[in-house]
Amino acid sequence: MGTLVTLHLPPGSPIADQPWVITIGSLGDLEDWEPVVCGPYEHAHALALARAVVADDDLMAVVEPLLPLDGVDAIRGEIELARTGEEDFPPQLAREQPGAPPEPAEVRAGWRRIAARLTG
């Protein structure tokens, strides 16, 4: 069984509404390949997909929010926050128990909802 790492969010966190990405890589040093990054997904979809992928394989999946930043100043602001170490939600092993992975049609519907939020 692999490992799923994500952020522990307090209930009602607005970060959960952001698009999320999954980075999947080797769990140990025995395999040498570039990690696969996929998404964006809605939070619940990302967790369920990642859990299903690592369930029966020695892989690590990191599920994290994708920050839709709209310019250089916004990106620099996030970099500054990261440099100062003011991280509100440190990564932890996932405590949530995601449900079954979504079907492709559900993922595509999630993409439409993400696009509507980002462009609305």
Side-chain angles (χ1 to χ4, degrees):
M1 178 173 185
T3 301
L4 172 59
V5 178
T6 191
L7 302 178
H8 173 67
L9 301 177
S13 171
I15 292 177
D17 292 334
Q18 296 293 332
W20 289 70
V21 294
I22 306 168
T23 304
I24 300 169
S26 173
L27 187 56
D29 294 331
L30 299 177
E31 295 183 88
D32 185 25
W33 49 280
E34 292 297 317
V36 174
V37 180
C38 45
Y41 303 106
E42 292 178 316
H43 186 236
H45 286 174
L47 288 173
L49 289 166
R51 169 79 77 203
V53 169
V54 302
D56 297 324
D57 207 340
D58 287 335
L59 299 171
M60 175 181 278
V62 177
V63 177
E64 58 192 339
L66 174 67
L67 301 176
L69 302 172
D70 62 0
V72 172
D73 289 339
I75 294 169
R76 286 183 176 147
E78 284 299 317
I79 291 168
E80 187 59 33
L81 282 175
R83 283 180 170 159
T84 61
E86 294 177 19
E87 190 173 346
D88 293 333
F89 309 106
Q92 300 179 5
L93 291 178
R95 288 191 246 169
E96 299 175 53
Q97 295 300 315
E103 295 295 323
E106 293 174 279
V107 171
R108 288 189 295 277
W111 287 340
R112 286 189 292 277
R113 290 187 292 270
I114 291 169
R117 283 195 308 267
L118 292 176
T119 59

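We count residues from 1, following the sequence as given. Worth saying up front: this structure is predicted, and the values here are computed from it rather than measured.
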When clusters are formed by joining ILVMFWY residues with side-chain heavy atoms under 4.5 Å apart, either directly or through shared neighbours, do L67 and I75 land in the same one? yes

Linking I/L/V/M/F/W/Y whenever their side-chain heavy atoms sit closer than 4.5 Å, directly or via other members, would W111 and V36 fall into one cluster? yes

Please report the interatomic distance OG1(T6) to CZ(R51), rounded to the nearest 0.5 Å. 10.5 Å

Verify, without hydrogens or angle tests, whether W33 (side chain) and G25 (backbone) share a donor-acceptor contact under 3.5 angstrom. no

If I take atom OG1 from residue T119 and atom CD1 from residue I114, how far apart are they, to the nearest 0.5 angstrom? 11.5 Å

Between CZ on residue R76 and CZ on residue R83, distance to nearest 0.5 Å: 10.0 Å

Any side-chain heavy-atom pair of L49 and V107 under 4.5 Å: yes

Would you name the heavy atoms of D57 and V53 that are closest together and state the gap between them? CB-O, 4.2 Å

Please give me the minimum heavy-atom distance between I24 and A61, naming the atom from each residue. CG1-CB, 4.1 Å

One should read off an interatomic distance between L47 CG and E42 CD, to the nearest 0.5 angstrom, of 12.0 Å

Rounded to the nearest 0.5 Å, how far does CG of D17 lie from NE2 of H43? 10.0 Å

Here the gap from M1 atom CE to L27 atom CG, rounded to the nearest 0.5 Å, amounts to 11.0 Å

Closest heavy-atom pair and its distance - A50, V63: CB-CG2, 3.6 Å

Looking only at heavy atoms, which two atoms of A48 and G99 are closest? And how far apart? CB-O, 3.5 Å

Of the non-hydrogen atoms in R113 and H45, which two are nearest, and what is the gap between them? NH2-CE1, 4.0 Å

What pair of heavy atoms forms the shortest contact from V21 to L66, and how long is it? CG1-CB, 4.0 Å

